2 protein chains.
Amino acid sequence: MNSEFIIAVHSLVLLAHRPDGMASSEEIATNVCTNPVRVRKVMSCLRKNGFVDTREGSGGGYKLSQEPGEVTLADVYRALTAGSLAPSWCSGDPTSDCLVGSNMGDVMNSVFCGADQQLETYFESITIGQMLSRLTAMAKA
Amino acid sequence: MNSEFIIAVHSLVLLAHRPDGMASSEEIATNVCTNPVRVRKVMSCLRKNGFVDTREGSGGGYKLSQEPGEVTLADVYRALTAGSLAPSWCSGDPTSDCLVGSNMGDVMNSVFCGADQQLETYFESITIGQMLSRLTAMAKA
DNA sequence: CTTAACTGTAACTGATATTATTACAGTACC
DNA sequence: GGTACTGTAATAATATCAGTTACAGTTAAG
């Protein structure tokens with residue numbers, strides 16, 4: 001799993017938690033515990049996918065452009081980490097004359113595609129708003 | 001995803017494909033396209049979990065100790081890669097005084113635990129035997 | 001009882017991927 | 001114009017992953 005996914009979700013939840021729905025890359029970075037450049041890179045992608053609006057210049061930052069209850073983790077996943085399940089490493093060799101060795105790569109691939117879809121449907125069931133609820137529940141416990 | 005999972009599955013399928021159900025680490029390594037040491041490490045783990053028997057010494061190697069149709073990818077996954085979904089990288093800081101920053105790590109964790117279980121149930125539906133069938137189907141196509 | 005063919009591990013090296021940092025151009029507000 | 005931002009590229013530091021070498025232990029064959 002890509003850690004950018006985590007940063008994206010964390011950022012969106014943080015924005016949802018802010019009364020005005022806004023934060024700068026530096027504020028987010030501090031909260032997430034990483035550096036602002038990484039946050040900007042991720043947020044830039046979220047902007048391109050319509051999850052946030054950005055305002056450059058002084059007093060600028062990022063702002064949610066959708067309702068927290070409308071955005072699912074699957075949306076975020078699709079936007080920046082889909083297909084990440086299969087390792088870069090690939091087994092077998094297509095030129096092999098063995099049934100197993102020559103086709104395993106493809107079969108594995110189809111298995112991981114299925115796994116990825118499974119993940120996606122799971123993420124479909126969790127919204128940014130729900131993440132926020134879980135946080136407050138966690139804090140009370 | 002850990003690539004050892006792939007090696008393990010590939011190896012088990014290869015064993016299932018062999019008429020005598022046996023192969024040495026070198027034969028497997030050639031088929032998988034990796035080196036024998038890695039294979040042995042993975043197989044050693046499979047042995048500890050009861051998937052294969054090993055015979056050391058001359059003429060030795062690995063042998064399936066269960067029916068291909070009985071072993072699911074979930075069994076393999078649990079044996080050597082369960083919990084691998086969550087990235088090592090962790091978001092937030094428990095000592096933060098922000099609701100979001102201080103609890104996100106835990107909430108993320110629970111999300112990834114759920115995702116991992118989802119994956120497991122998916123893998124539960126695929127056996128080593130089925131992988132073999134898929135291979136032959138793939139070869140005919 | 002010696003040799004050859006294996007497994008089981010540990011230690012090391014090299015390659016690759018990930019994260020952090022630095023730098024700077026572009027933009028908006030005051 | 002100065003300040004406070006985003007956007008992005010380039011680089012450096014670090015961690016992870018895969019391949020290699022080495023060698024002790026085990027079994028079978030001769």
Side-chain angles (χ1 to χ4, degrees), chain A residues 1-8 10-11 15 18 20-49 51-65 80-81 83-93, chain B residues 1-8 10-11 15 18 20-49 51-65 80-81 83-93:
Chain A
M1 177 72 47
N2 198 326
S3 65
E4 292 189 353
F5 175 73
I6 294 186
I7 294 177
H10 189 140
S11 302
L15 291 180
R18 289 290 178 94
D20 59 352
M22 281 205 67
S24 72
S25 66
E26 193 158 333
E27 291 173 298
I28 296 175
T30 304
N31 200 273
V32 169
C33 274
T34 185
N35 55 338
V37 176
R38 248 192 120 191
V39 170
R40 292 207 285 268
K41 210 170 124 199
V42 171
M43 296 311 276
S44 177
C45 184
L46 291 183
R47 172 178 54 85
K48 282 166 189 161
N49 284 275
F51 298 112
V52 298
D53 288 328
T54 78
R55 209 171 64 214
E56 297 187 7
S58 181
Y62 302 92
K63 182 168 187 172
L64 271 187
S65 60
L80 44 74
T81 30
S84 68
L85 255 188
S88 50
W89 197 86
C90 183
S91 147
D93 170 13
Chain B
M1 177 72 49
N2 198 328
S3 65
E4 292 191 354
F5 174 73
I6 293 186
I7 294 177
H10 189 141
S11 303
L15 290 181
R18 289 290 178 94
D20 58 354
M22 280 204 69
S24 72
S25 65
E26 194 157 332
E27 291 173 298
I28 297 174
T30 303
N31 200 272
V32 169
C33 273
T34 184
N35 56 337
V37 176
R38 252 192 117 191
V39 171
R40 293 208 285 269
K41 211 171 122 198
V42 171
M43 296 309 277
S44 178
C45 184
L46 291 183
R47 171 178 54 85
K48 282 167 189 160
N49 284 274
F51 298 112
V52 298
D53 288 327
T54 80
R55 209 170 64 217
E56 297 188 6
S58 182
Y62 303 92
K63 181 169 189 171
L64 273 187
S65 59
L80 44 73
T81 30
S84 68
L85 256 188
S88 51
W89 198 86
C90 183
S91 147
D93 170 15

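Order of the sequence lines fixes the chain letters, A, B, ..., with proteins taken first and strands second; residue numbering starts at 1 for each chain. Quantities reported herein were computed from a predicted structural model and do not represent experimental measurements.
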Where each residue is assigned the nucleotide of DNA chain C containing its nearest heavy atom, which of B/Val37 and A/Ser58 is assigned the position nearer the 5′ end? B/Val37
Contacts of A/Gly59 and A/Arg40 projected onto DNA chain D by closest heavy atom; the upstream (5') one is A/Gly59
Rounded to whole angstrom units, what separation is found between the NZ atom of B/Lys63 and the C1' atom of C/dC6? 16 Å
Any side-chain N or O of A/Ser44 less than 4.0 Å from the OP1 or OP2 oxygen of D/dT8? yes
How many whole angstroms separate atom CG of A/Asp53 from atom C1' of C/dA28? 15 Å
Under 4.0 Å between a side-chain N/O of B/Arg47 and OP1 or OP2 of C/dT7, yes or no? no
Below the 4.0 Å mark, does D/dA18 have OP1 or OP2 next to a side-chain nitrogen or oxygen of B/Thr34? no
Check B/Ile6 against A/Trp89 and note the closest heavy-atom contact, atom names and distance. CD1-O, 3.9 Å
Reference residue A/Met43; test side chain to side chain contact (heavy atoms under 4.5 Å, CB included); the match among A/Ser25, A/Pro36, A/Ser11: A/Ser11
When the distance from CD of A/Glu56 to P of C/dT27 is rounded to whole Å, what number comes out? 7 Å
Tell me: CD of A/Glu26 to C1' of D/dG7, nearest whole Å? 16 Å
Report yes if a side-chain nitrogen or oxygen of A/Ser25 is closer than 4.0 Å to either non-bridging phosphate oxygen (OP1 or OP2) of D/dC5; otherwise report no. no
Check the distance between D/dT16's P and B/Asn2's CG and give it to me in whole angstrom. 13 Å
OP1 or OP2 of D/dT8 versus the side-chain N and O atoms of A/Lys48: is any pair under 4.0 Å? yes
Under-3.5 Å donor-acceptor pair between B/Arg38 side chain and D/dG19 base: no
Are any of A/Thr54's side-chain N or O atoms less than 4.0 Å away from OP1 or OP2 of D/dG7? yes
Quick one: B/Phe5 CZ to D/dC17 C1', roughly how many Å, whole number? 18 Å
Side chains of B/Ser3 and B/Arg38, donor plus acceptor under 3.5 Å: yes
I want to check one thing: is the phosphate of C/dT16, taken as OP1 and OP2, less than 4.0 Å away from some side-chain N or O of A/Ser88? no
Starting at NZ of B/Lys41 and ending at C1' of D/dT21, how long is that distance when rounded to a whole Å? 15 Å
Separation of atom OH in B/Tyr62 from atom P in C/dG8, rounded to whole Å: 4 Å
Treating A/Asn2 as the side-chain partner and A/Glu4 as the backbone partner, does any N or O pair qualify as donor plus acceptor under 3.5 Å? yes
Assess the residue pair A/Tyr62 and A/Ile28 against the criterion (side-chain contact (heavy atoms from CB on, under 4.5 Å)); give the C-alpha distance rounded to whole Å, side-chain angles, the decisive distance to 0.1 Å, and a yes or no. CA-CA 9 Å; A/Tyr62 302 92; A/Ile28 296 175; 4.2 Å; yes
